[in-house]
Peer 1: 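Before I ask anything, let me first share the structure, which is written out below as structure tokens.
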Protein chains: 4
Amino acid sequence: MAKLQKSKDKREALVKATICLVNNDGFHAAPMSKIAKMANISPATIYLFFEGKQDLVNQVYIEVKASFSDYAFETFTDDMDVEAGFELIWKRIAHFKLKEREEAMFLAQCDNTPMIDEPSRKEGIKHLQPLLDLWHRGKEEGVLKPVSDYLLYAYSINPLSFLMLAQHRGECVITEKTIIEAYQAAWDSIKL
Amino acid sequence: MAKLQKSKDKREALVKATICLVNNDGFHAAPMSKIAKMANISPATIYLFFEGKQDLVNQVYIEVKASFSDYAFETFTDDMDVEAGFELIWKRIAHFKLKEREEAMFLAQCDNTPMIDEPSRKEGIKHLQPLLDLWHRGKEEGVLKPVSDYLLYAYSINPLSFLMLAQHRGECVITEKTIIEAYQAAWDSIKL
Amino acid sequence: MAKLQKSKDKREALVKATICLVNNDGFHAAPMSKIAKMANISPATIYLFFEGKQDLVNQVYIEVKASFSDYAFETFTDDMDVEAGFELIWKRIAHFKLKEREEAMFLAQCDNTPMIDEPSRKEGIKHLQPLLDLWHRGKEEGVLKPVSDYLLYAYSINPLSFLMLAQHRGECVITEKTIIEAYQAAWDSIKL
Amino acid sequence: MAKLQKSKDKREALVKATICLVNNDGFHAAPMSKIAKMANISPATIYLFFEGKQDLVNQVYIEVKASFSDYAFETFTDDMDVEAGFELIWKRIAHFKLKEREEAMFLAQCDNTPMIDEPSRKEGIKHLQPLLDLWHRGKEEGVLKPVSDYLLYAYSINPLSFLMLAQHRGECVITEKTIIEAYQAAWDSIKL
DNA sequence: TATGAATGAGATTTCATTCAT
DNA sequence: AATGAATGAAATCTCATTCAT
């Protein structure tokens with residue numbers, strides 16, 4: 001049990017290190033040796049947990065995406081009305097991005113880069129289903145614009161990633177007020 | 001003259017090859033040797049035009065960003081009223097992204113990655129000034145929401161990049177109808 | 001322990017190979033790959049011990065210089081009178097140059113070339129202090145000419161390097177008789 | 001004639017550039033392209049004057065050595081008595097090294113490095129014959145120690161190179177007084 | 001004669017991965 | 001399970017040299 005714990009700790013450290021290095025230097029400047037050093041383990045040990053670098057990144061992506069989705073939908077139930085449900089989910093997402101900046105940044109980079117392979121990307125997206133269902137209902141009820149989910153996502157969810165990145169580069173600061181304004185913009189863009 | 005032309009051609013080929021390879025494989029999987037091969041020149045020749053790989057990518061970014069901005073603002077004059085001006089610029093941007101998919105993709109990846117260094121990023125952003133001026137006017141006139149430019153950009157411009165990427169991955173198709181819907185979402189998100 | 005030993009052996013082999021190749025071909029014709037091959041290791045392994053080629057050469061220089069100085073001053077104590085002390089040191093130096101031809105040759109090349117960077121050169125020279133102290137005393141006692149240490153070194157110590165090089169090129173042979181004659185010349189040049 | 005002059009100028013510029021760069025960076029850091037740039041000609045043009053880099057360096061060596069020897073022996077005639085003749089030559093050599101620092105430095109580096117090939121080295125040494133003849137006479141007359149020419153050279157001539165190098169590195173300054181002291185040391189080391 | 005452009009060959013260095021322990 | 005050492009393969013970059021003009 002203690003051993004198993006230690007093993008989990010190592011894996012956890014690896015995941016953290018990967019996120020941190022990829023965020024700051026990009027995939028191409030995050031060598032395995034650096035990741036290992038930052039996680040305080042030997043490079044060779046990485047291969048006990050992951051098949052290789054691609055697998056490491058893929059798995060980190062999937063896990064972070066899952067943790068992101070879990071957070072986003074934790075308080076949501078599908079009996080909520082569409083606007084309330086959307087606001088709830090949106091705010092949870094925004095909160096996650098503020099609270100878990102490192103993980104959010106990592107996802108943003110993964111989503112705009114050929115860094116993750118297709119199967120893993122698909123796997124990561126699956127968790128968004130509750131939101132898609134909600135949107136489906138919203139369109140049926142005439143609350144949301146009758147446009148594709150990609151469009152809804154592009155306008156109501158994805159902009160948060162852009163704001164995150166800008167903040168990370170020190171170009172702007174995201175405050176509580178920003179969040180309120182952003183939600184308004186998000187909702188305005190998709191509501192009918 | 002003929003020589004100069006040939007030299008320009010080589011540079012041009014290099015730029016094209018860089019865009020293409022980075023789009024498909026990412027910065028880390030676009031080695032100089034591959035870029036050279038695709039441009040049909042010797043790897044050594046790259047260094048006649050660029051100081052190194054970082055410089056190559058930086059310069060390509062700046063050039064593509066400039067060509068993007070030139071296109072976006074070509075028909076815009078600052079005597080237009082805010083909504084008309086915005087629609088004009090927005091549609092030019094959308095058109096550019098449809099027409100020059102490769103270049104647009106490249107920009108999307110650069111803008112979401114620590115691939116480009118800070119000075120080059122700054123250089124690339126400078127060209128957006130006319131849009132920022134228009135927004136400034138829009139806020140003064142009470143046509144636009146009184147929020148930061150980053151927010152306006154995140155909600156009205158950036159979503160197009162997301163749609164581009166999704167299309168590139170084969171997840172969705174962008175049609176004329178999509179563009180109309182997208183414009184509506186964009187304008188709804190920022191108009192007062 | 002066995003492992004550590006092996007690691008030290010590799011480093012040792014690298015140092016030996018560097019000295020040998022630089023002696024015969026010069027810095028510019030001693031590529032890392034050749035050095036690695038001669039030391040029977042992979043080129044990549046060099047970088048486990050040294051930061052790069054410049055660091056490799058610098059460190060080899062410092063080590064050889066230290067080993068040279070250690071030998072030169074091993075039997076010297078500062079209670080010896082000046083002439084006896086000088087003769088002792090001089091002969092040790094001469095002996096070192098005859099015995100450790102490779103190392104002596106290497107030092108000669110380093111000392112006459114912009115091959116070693118300034119800090120390392122300074123580091124290497126530090127070890128000569130006992131000789132400088134002896135000379136200081138010699139000048140005070142009126143045994144040595146009241147001239148700068150550089151002059152004393154140039155005339156009493158450095159000529160040995162020239163003879164070494166000439167012998168290495170096959171131009172002359174250094175015998176015991178040569179050493180005796182050389183010492184006489186050295187002493188004559190600096191004694192008052 | 002004008003053309004011939006221009007051609008000679010180019011060659012001259014090449015020689016100067018080679019000396020300068022090798023002095024400051026060493027043979028290994030004096031690429032043909034840098035030499036060409038410093039001489040204000042195209043790299044290709046070097047090959048109109050020299051067969052390649054090795055040939056360039058060899059020829060520069062031979063020329064500088066010849067110019068050095070010419071200067072050294074210009075005022076010497078073999079009817080002088082040994083001490084006077086030696087003093088004359090020695091002082092001319094010292095003067096050359098002070099006056100033509102760049103060229104002297106270059107020779108010092110060539111003489112301690114596997115930079116020059118054997119035939120060229122031999123060629124360069126030939127010019128020293130008058131000094132060797134003088135020494136031969138000096139030994140016969142019992143004025144000089146009966147030791148090999150290499151020893152005489154090592155102790156009476158070569159030390160000047162060491163002083164030059166030390167001065168170039170900024171470690172010491174050679175003044176008129178230094179020259180007088182150095183001559184004394186030189187003569188003391190070889191006179192019987 | 002002179003050159004700017006171009007390059008093949010090779011130098012240095014990096015890195016994902018493996019292996020002996 | 002865990003690792004430090006080691007490395008093959010490949011990446012970036014340099015340079016002496018050549019070629020078309």
Peer 1: Any chance CD of Gln54(D) has more than 12 other-residue heavy atoms, nucleotides or ligands included, within less than 6.0 Å?
Peer 2: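 Counting other residues, nucleotides and ligands, CD of Gln54(D) exceeds 12 neighbours.
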
Peer 1: What's the closest nucleotide to the Pro31(C) side chain, out of dT7(E), dC15(F), dT12(E)?
Peer 2: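 Between dT7(E), dC15(F), dT12(E), the one nearest the side chain of Pro31(C) would be dT12(E).
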
Peer 1: Looking at dA11(E), dC15(E), dT17(E), which one has an atom nearest to any side-chain atom of Pro43(A)?
Peer 2: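 Closest nucleotide among those given: dT17(E).
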
Peer 1: Can you check the Asp55(B) CG to dC13(F) P distance for me, whole Å?
Peer 2: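 Checked: the CG to P distance equals 10 Å.
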
Peer 1: Please determine which of Arg121(A), Lys122(A), Gln109(A), Glu123(A) meets the side-chain contact (heavy atoms from CB on, under 4.5 Å) test together with Ile116(A).
Peer 2: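 Filter result, single survivor: Arg121(A).
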
Peer 1: Write down the distance between CZ (Phe49(C)) and P (dT14(E)), rounded to a whole number of angstrom.
Peer 2: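 In whole Å, dT14(E) P lies 16 Å from Phe49(C) CZ.
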
Peer 1: Both distances under 3.5 Å, Watson-Crick or G-U wobble: on that basis, could you give the dot-bracket string for DNA chain E, with [ ] for crossing pairs and | for other-strand partners?
Peer 2: .||||||||||||||||||||

Peer 1: With a 4.5 Å cut-off on side-chain heavy atoms, are Lys34(A) and Met38(A) touching?
Peer 2: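 No, their side chains stay 4.5 Å or more apart.
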
Peer 1: Rounded to the nearest Å, what distance is computed from the CD1 atom of residue Ile41(B) to the C1' atom of nucleotide dT12(F)?
Peer 2: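 Taking atom C1' of dT12(F) as the reference, CD1 of Ile41(B) is at 15 Å.
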
Peer 1: Checking salt bridge (Lys or Arg N to Asp or Glu O under 4.0 Å) between Glu12(B) and each of Lys16(B), Lys10(B), Lys8(B), which is the one that passes?
Peer 2: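 Only one of Lys16(B), Lys10(B), Lys8(B) forms a salt bridge (Lys or Arg N to Asp or Glu O under 4.0 Å) with Glu12(B), namely Lys16(B).
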
Peer 1: Taking CG from Leu21(D) and P from dC15(F), how many angstroms apart are they, rounded to a whole number?
Peer 2: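 Those two atoms, CG and P, are 12 Å apart.
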
Peer 1: Of Ala30(D) and Ile46(C), whose nearest nucleotide on DNA chain F comes first from the 5' end?
Peer 2: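 By nearest-heavy-atom nucleotide position, the 5'-most residue is Ile46(C).
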
Peer 1: Output the single nucleotide from dT7(E), dT3(E), dT3(F) whose closest atom is nearest the side chain of Thr45(B).
Peer 2: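 Ranking dT7(E), dT3(E), dT3(F) by closest atom to the Thr45(B) side chain puts dT7(E) first.
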
Peer 1: Between Gly52(C) and Gly52(A), just flag the one whose closest nucleotide in DNA chain E comes earlier from the 5' side.
Peer 2: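 Taking each residue's closest nucleotide, the earlier one in sequence belongs to Gly52(C).
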
Peer 1: What nucleotide, of dC19(F), dA16(F), dT12(E), holds the atom closest to the side chain of Ala44(D)?
Peer 2: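 Given the options dC19(F), dA16(F), dT12(E), the side chain of Ala44(D) is closest to dC19(F).
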
Peer 1: Please state how far atom CE in Met32(C) lies from atom C1' in dT14(E), giving the value in whole angstrom units.
Peer 2: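 The answer, rounded to whole Å, is 12 Å.
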
Peer 1: In whole angstroms, how far is the C1' atom of dG4(F) from the NZ atom of Lys37(A)?
Peer 2: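 Value for this atom pair: 12 Å.
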
Peer 1: Is the NZ or CZ atom of Lys53(B) positioned over Phe27(B)'s six-membered ring, under 6.0 angstrom from the centre and within 45° of the axis?
Peer 2: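 That pair qualifies as a cation-pi contact.
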
Peer 1: Looking at dA16(E), dA5(F), dA1(F), which one has an atom nearest to any side-chain atom of Leu48(A)?
Peer 2: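 For the Leu48(A) side chain, the nearest candidate turns out to be dA1(F).
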
Peer 1: Taking NZ from Lys8(D) and P from dT1(E), how many angstroms apart are they, rounded to a whole number?
Peer 2: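 Rounding to the nearest Å, NZ of Lys8(D) and P of dT1(E) are 15 Å apart.
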
Peer 1: Starting at OH of Tyr47(B) and ending at P of dA6(E), how long is that distance when rounded to a whole Å?
Peer 2: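 Computing the Tyr47(B):OH to dA6(E):P distance gives 16 Å.
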
Peer 1: Please name all residues satisfying salt bridge (charged side-chain N to carboxylate O under 4.0 Å, His left out) with Arg169(D), sequence neighbours left out, ordered by chain then number.
Peer 2: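 In terms of salt bridge (charged side-chain N to carboxylate O under 4.0 Å, His left out), with neighbours along the sequence ignored, Arg169(D) is linked to Glu171(D).
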
Peer 1: For Ser42(D) and Lys53(A), take the nucleotide of DNA chain E holding the closest heavy atom to each; which residue's nucleotide lies nearer the 5' end?
Peer 2: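 Taking each residue's closest nucleotide, the earlier one in sequence belongs to Ser42(D).
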
Peer 1: Looking only at the side chain of Lys10(B) (C-beta and beyond, no hydrogens), which of the listed nucleotides dG4(E), dA6(E), dT7(E) gets closest?
Peer 2: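 In terms of side-chain proximity for Lys10(B), the closest of dG4(E), dA6(E), dT7(E) is dA6(E).
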
Peer 1: Is the shortest distance from a Lys or Arg side-chain nitrogen in Lys65(D) or Asp111(D) to a carboxylate oxygen in the other one below 4.0 Å?
Peer 2: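 So Lys65(D) pairs with Asp111(D) through a salt bridge.
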
